[in-house]
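Below: the structure, in structure tokens.
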There are 2 protein chains.
Amino acid sequence: MRVRLEDVARAANVSPKTVSRVLNDEANVTDATRERVRAAMEAMDYRPHPSARSLAGNRSFLVAMLYDNNDNPASTYLAEIQDGVLEACDAHRYSMMVRPLRMRGGDFIRRFDALISDHHPDGVVLTPPITDYAPLLKRLRESNVPYASVSPQRRGKVIGVTMDEQRAARAIVEHLLELGHRRIAHVIGIADHGASRWRLAGYREAMAAAGLPEDPALVVQGAFTFGSGVEAARKLFALAKRPTAVFAANDDMATGVMWAAGEYGLKVPHDLSVCGFDDTPLSRQLWPALTTIQQPSREMGKIAAEQLLGALRGHGAGQLVQVPFVLQIRGSTAAVP
Amino acid sequence: MRVRLEDVARAANVSPKTVSRVLNDEANVTDATRERVRAAMEAMDYRPHPSARSLAGNRSFLVAMLYDNNDNPASTYLAEIQDGVLEACDAHRYSMMVRPLRMRGGDFIRRFDALISDHHPDGVVLTPPITDYAPLLKRLRESNVPYASVSPQRRGKVIGVTMDEQRAARAIVEHLLELGHRRIAHVIGIADHGASRWRLAGYREAMAAAGLPEDPALVVQGAFTFGSGVEAARKLFALAKRPTAVFAANDDMATGVMWAAGEYGLKVPHDLSVCGFDDTPLSRQLWPALTTIQQPSREMGKIAAEQLLGALRGHGAGQLVQVPFVLQIRGSTAAVP
DNA sequence: GAGCAAATTGACAGCGCTGTCATTTATGCC
DNA sequence: GGCATAAATGACAGCGCTGTCAATTTGCTC
């Protein structure tokens with residue numbers, strides 16, 4: 001039979017309420033009592049019943065991770081974030097659920113409300129691009145559900161984790177400039193995503209700093225997908241003055257650019273340097289391997305969850321933590337011929 | 001304030017217990033009453049409190065999806081399975097949690113027990129290679145936790161979903177044979193995984209059927225990773241009589257083979273045909289794109305979860321459903337020169 | 001329409017915990 | 001040492017449901 005809190009109380013010779021206090025790390029228990037109760041719990045291998053705790057205490061010990069499964073970023077990125085969130089939740093004995101939540105389609109808010117009333121999460125972790133969906137943020141505040149964001153566009157009072165994507169983008173374009181490239185193209189991601197904006201801004205910043213005026217023909221719209229990278233590249237290769245290097249806003253599109261280069265008989269990196277952003281496993285498996293920006297996604301998921309959990313447990317308000325990036329230089333970029 | 005079952009009962013002019021019966025689709029409620037209660041629930045947008053239900057009814061409405069995060073298959077594969085499981089759980093108003101569970105390391109069973117006593121899932125979905133880990137299966141039976149498996153090795157009384165991987169492997173090797181290849185190599189996956197065994201068996205079956213004796217030098221051990229594919233390919237390319245085609249047991253290894261081909265100056269598919277297994281998104285993004293076997297992973301996750309949920313809700317015992325595969329012929333395979 | 005079995009409905013306790021508030025014990029101060 | 005105050009502990013109700021079993025209604029037979 002299951003060991004209940006009452007059994008532990010009897011064994012430690014205290015009231016159930018005191019055991020509950022120890023369980024929840026509450027104040028007003030002498031060290032001696034606390035130790036005795038802890039020992040009893042340990043000895044009996046006591047496991048609190050989550051539903052009972054949740055029902056009586058009016059909280060669920062549940063964190064929901066929300067993602068968009070329609071404009072969603074690469075699944076490996078999400079899987080890594082998820083892994084990090086899970087790790088943090090486990091450490092704090094919270095459980096985690098994942099919720100795909102299609103942003104397009106009018107009933108987004110209704111489905112969010114259903115999530116809340118069906119599962120009562122104590123808090124929510126938002127992943128891009130959901131981090132910036134205003135109606136959702138509004139609803140979260142209204143319903144008083146704490147949340148943390150991974151790479152949100154707006155800073156301010158938001159808690160969670162970011163990386164300086166603009167500086168990273170600038171760094172990768174500077175790498176191309178150092179290799180002697182001047183006609184450097186950029187393939188933009190989905191227009192309103194923060195990732196797209198920052199990466200474009202970093203590109204512009206580096207180009208401007210190098211004294212190169214922007215050539216609108218070299219900045220092409222993409223959509224973060226492989227296919228959109230292929231199409232963007234075709235436009236670029238059809239130009240009279242073709243670029244010598246392309247910086248795509250993510251690895252999938254960069255892969256598309258490399259594919260299109262194959263189509264046009266362009267050798268990477270000899271005839272064309274290509275770089276991406278994200279350092280997906282894929283980027284190491286291409287031939288040649290892709291120069292890109294490594295983002296510590298798993299770590300970012302973990303940090304976002306930790307900020308959320310810290311806030312939930314009243315350890316201060318939580319912050320927006322910034323993590324470093326790494327420029328991964330591989331075979332897809334080389335000096336201009 | 002939250003709408004409770006009691007409120008619905010009052011509105012429908014019945015006892016709380018009757019509302020509970022309607023909620024749980026129990027027998028012995030007249031159609032008229034049932035309809036009246038349903039209408040009241042609808043009108044009040046009633047949402048049962050999961051913890052209360054769980055506490056009183058001694059079940060959790062929770063399904064746990066277990067995966068191995070150390071020998072784990074490609075993350076996109078798992079992400080798709082997860083998506084399917086989630087879809088099925090949602091449809092039946094169950095919640096889902098994901099649990100990475102490292103198979104190596106002695107405390108596997110202890111961590112599994114912790115999962116059960118911490119979260120009380122009503123059932124478990126197993127993904128490969130965890131599906132075949134005997135100590136776990138034993139423990140599941142002992143603790144009487146229902147489970148469904150995705151691609152289990154053992155058949156018998158197991159419920160879940162499979163694909164005829166041997167026949168699929170045979171089909172892809174037959175495709176190579178039809179292109180005129182005779183020296184066809186195979187790169188094996190991690191030895192004791194069902195996937196590796198079936199795919200090897202299919203390869204052998206096709207070769208034997210074509211009257212080709214097995215050349216041990218052409219069958220190389222890999223480990224399902226990109227790197228192991230590269231290494232396996234180097235061994236193959238170093239042979240005096242190099243193969244004209246390679247069938248790798250998954251796409252990651254096939255990608256490694258293509259990479260190694262680049263190293264050796266071999267053109268795919270002109271000098272070497274390569275094919276894989278799984279149809280990961282990656283396989284379409286290579287140049288040339290990879291001939292491979294498409295597995296309906298998402299669908300498989302959904303089916304496994306449905307079998308489990310069906311069994312949980314007493315709709316019969318559940319079955320082992322077999323799903324079809326599709327041979328995706330792409331640019332990486334061509335006629336022998 | 002009485003008599004009986006079967007179907008339907010309801011009363012009530014209790015799942016395992018925590019919130020509230022009362023009670024007991026320790027601590028500090030003159 | 002006596003008193004005021006704070007810290008520690010406990011009693012008890014109740015969170016929102018469902019299981020058990022008793023009460024009531026319905027349908028059937030003769």
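It should be emphasised that the depicted structure is a prediction, and the values quoted were computed from it without experimental measurement. Naming convention: chains lettered A, B, ... in sequence-line order (proteins, then strands); numbering from 1 in each chain. The figures that follow rest on heavy atoms only: side chains count, while hydrogens, waters and symmetry mates do not.
Listed pair B/Thr30 / C/dT8 fails the phosphate criterion, with no side-chain N or O lying under 4.0 Å from OP1 or OP2. Phosphate contact (OP1/OP2 of D/dT9, side-chain N/O of A/Thr33, threshold under 4.0 Å): present. Between B/Ser20 and the phosphate of D/dC17, there is no side-chain N or O to OP1/OP2 separation shorter than 4.0 Å. Taking side-chain N and O atoms only, A/Tyr46 has no distance below 4.0 Å to OP1 or OP2 of C/dG16.
A side-chain donor-acceptor contact under 3.5 Å links A/Arg53 and A/Asn24.
B/Asn28 has its CG atom 13 Å from the P atom of C/dG10, to the nearest Å. For the pair B/His119 NE2 and C/dG16 C1', the interatomic distance rounds to 17 Å; values are reported in whole Å. Rounded to an integer number of Å, the gap from A/Glu26 CD to D/dA7 C1' is 14 Å. In this entry the distance linking NE2 of B/His120 with C1' of C/dC17 reads 12 Å, nearest Å. Spacing between atom CE of A/Met41 and atom C1' of C/dC17 amounts to 12 Å, rounded to whole angstrom units. Atom-to-atom, CG of B/Asp31 to P of D/dT26 comes out at 15 Å; the value is rounded to the nearest Å. Computed from coordinates, the B/Asn13 CG to C/dT8 C1' distance equals 15 Å when rounded to whole Å. Taking atom CG on A/Asp122 and atom C1' on C/dT18, their separation rounds to 14 Å, with Å as the unit.
Put simply, the side chain of B/Gln307 gets close to the backbone of B/Gln319: a donor and an acceptor are under 3.5 Å apart. Side-chain N or O atoms of A/Thr162 include none that pairs as donor or acceptor with a backbone N or O of A/Ser151 at under 3.5 Å. Of the possible polar contacts, one joining the A/Gln153 side chain to the A/Asp192 backbone as a donor-acceptor pair under 3.5 Å is found.
When side chains are defined from C-beta on, A/Pro128 does not count as touching A/His193, because their heavy atoms never get closer than 4.5 Å. Residues A/Arg93 and B/Asp118 meet the side-chain proximity criterion, which asks for heavy atoms closer than 4.5 Å. Two residues are said to be in side-chain contact when any heavy atoms from C-beta on lie closer than 4.5 Å; B/Ser60 and B/His119 fail this criterion.
Of the residues in residues 51-63 of chain B, those with a non-hydrogen atom less than 4.0 angstrom from any atom of DNA chain D are B/Ala52, B/Arg53, B/Ala56, B/Gly57.
Residues satisfying the side chain to side chain donor-acceptor pair (under 3.5 Å) test with A/Thr18, not counting sequence neighbours, are A/Ser15.
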Set out, line by line, the N/O atom pairs under 3.5 Å between protein and nucleotides 11-13 of chain C.
none

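Minimum atom distance to the side chain of A/His49 is reached by C/dC17, of the listed D/dT18, D/dA8, C/dC17.
Ring geometry, A/Tyr133 versus A/Phe108: the interplanar angle exceeds 60°, so the pair is classed perpendicular (tilted spans 30 to 60°).
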